[in-house]
Amino acid sequence: GVWRQTRALLFKNCLIKCRTKKSSVQEVLFPLFFLFWLILMSMLHPHRRFEAVPSVELGALDTAPLLGLVIGYTPPSAMAREVMRRVAFDNFEDGLITEEYLSEEELEEASFLKPSNFVGVVFKDSMSYQLRFHDSIAMSSIYMESR
């Protein structure tokens, strides 16, 4: 039964391998060649080991440069108000000045009126936003596609 079929199948495979010597040799040598190539590359470019960095207390956030900073945001929504409230009061003792704008155009006009101390935040949805400064738009540092 099963043993006879298995033995016949193994014999058939051995005959095929003997008749196709070139492809049989390639099946063995190509993986060995690539393994040798990987070992050679790892020897030419050894791993760098970096020393551990000890834990350091960084101290309190220096809020002096942020005094007088105005943060404008749009569109006005409950989620945006909550986020801006947390930004203003949870991280800074005195709080930052936050202003709500109805549209991006109003936000841009406000940034031209107070260019030195104004930062705009445009909420795209509940998980993403853009920062707008007087002369530029700060894009996210995580790019999902090629520039």
Side-chain angles (χ1 to χ4, degrees), residues 1-66 69-93 95-96 98-108 110-112 115-147:
V2 175
W3 171 245
R4 185 177 287 163
Q5 288 176 348
T6 305
R7 195 174 60 194
L9 184 61
L10 287 173
F11 182 69
K12 176 186 157 198
N13 286 338
C14 286
L15 284 177
I16 291 173
K17 291 295 177 191
C18 289
R19 291 178 184 163
T20 56
K21 289 182 175 86
K22 184 179 177 183
S23 65
S24 298
V25 168
Q26 287 176 352
E27 285 179 8
V28 172
L29 291 183
F30 276 148
L32 290 176
F33 171 74
F34 287 122
L35 180 64
F36 170 75
W37 185 256
L38 286 173
I39 292 171
L40 182 67
M41 286 293 119
S42 68
M43 289 175 153
L44 292 176
H45 301 285
H47 297 289
R48 293 183 183 168
R49 302 226 183 260
F50 296 100
E51 295 180 19
V53 178
S55 298
V56 177
E57 177 65 34
L58 296 176
L61 178 65
D62 183 18
T63 59
L66 301 176
L69 184 69
V70 178
I71 301 177
Y73 63 94
T74 189
S77 65
M79 180 270 315
R81 286 184 194 101
E82 178 63 22
V83 167
M84 296 312 293
R85 184 192 64 76
R86 286 186 181 205
V87 166
F89 294 107
D90 288 357
N91 298 320
F92 304 98
E93 293 175 8
L96 294 175
T98 59
E99 296 177 355
E100 186 176 283
Y101 294 95
L102 296 176
S103 66
E104 287 187 48
E105 291 78 23
E106 287 183 19
L107 185 73
E108 287 178 18
S111 72
F112 287 121
S116 63
N117 64 344
F118 187 84
V119 176
V121 180
V122 179
F123 288 94
K124 298 296 180 187
D125 55 31
S126 63
M127 297 299 287
S128 63
Y129 60 89
Q130 277 186 331
L131 295 178
R132 297 190 183 239
F133 298 96
H134 171 64
D135 56 350
S136 65
I137 298 174
M139 301 300 287
S140 172
S141 62
I142 300 172
Y143 289 97
M144 297 297 183
E145 58 193 6
S146 171
R147 288 186 184 187

Spacing of F36 atom CZ and M41 atom CE [to the nearest 0.5 Å]:
9.0 Å
Only counting residues at least two apart or in another chain, list the ones meeting side-chain contact (heavy atoms from CB on, under 4.5 Å) with S42.
none
Go through the structure and list residues passing side chain to side chain donor-acceptor pair (under 3.5 Å) with N13, not counting sequence neighbours.
none
Listed partners of E27 passing salt bridge (Lys or Arg N to Asp or Glu O under 4.0 Å), at least two apart
K17
Would you find a donor on one side and an acceptor on the other, under 3.5 Å apart, between the side chain of S77 and the backbone of A80?
yes
Salt bridge (Lys or Arg N to Asp or Glu O under 4.0 Å) contacts touching residues 32-47 (sequence neighbours left out):
none
Does L15 have any side-chain contact (heavy atoms from CB on, under 4.5 Å) partners at least two apart in sequence or in another chain, and if so, which?
F11, R19
Of all pairs that satisfy salt bridge (Lys or Arg N to Asp or Glu O under 4.0 Å), the ones with a partner from residues 30-39, not counting sequence neighbours
none
The criterion is side chain to side chain donor-acceptor pair (under 3.5 Å); which residues satisfy it with S103, sequence neighbours excluded?
E105
Nearest heavy atoms of P76 and R81, plus distance in Å
CB-NH2, 3.7 Å
I'd like to check the side-chain contact (heavy atoms from CB on, under 4.5 Å) partners of L38; sequence neighbours left out, ordered by chain and number.
none
My understanding is that only residues two or more places apart in sequence, or in another chain, count here; which of them pass salt bridge (Lys or Arg N to Asp or Glu O under 4.0 Å) with E82?
R85, R86
Name the one of L107, V121, L102 that satisfies side-chain contact (heavy atoms from CB on, under 4.5 Å) with T74?
L107
Between Y73 and F123, is any pair of side-chain heavy atoms under 4.5 Å apart?
yes
Results of side chain to side chain donor-acceptor pair (under 3.5 Å) for S128 - residues two or more places apart only
D125
Count the heavy atoms of every other residue, nucleotide or ligand shown that sit under 6.0 Å from NZ of K124, and state whether that count exceeds 12.
yes
Going by the rule side-chain contact (heavy atoms from CB on, under 4.5 Å), which residues pair with I39 if we only count those two or more places apart in sequence or in a different chain?
L35, M43
Residues two or more places apart in sequence or in another chain: which of them pass side chain to side chain donor-acceptor pair (under 3.5 Å) with E104?
R132
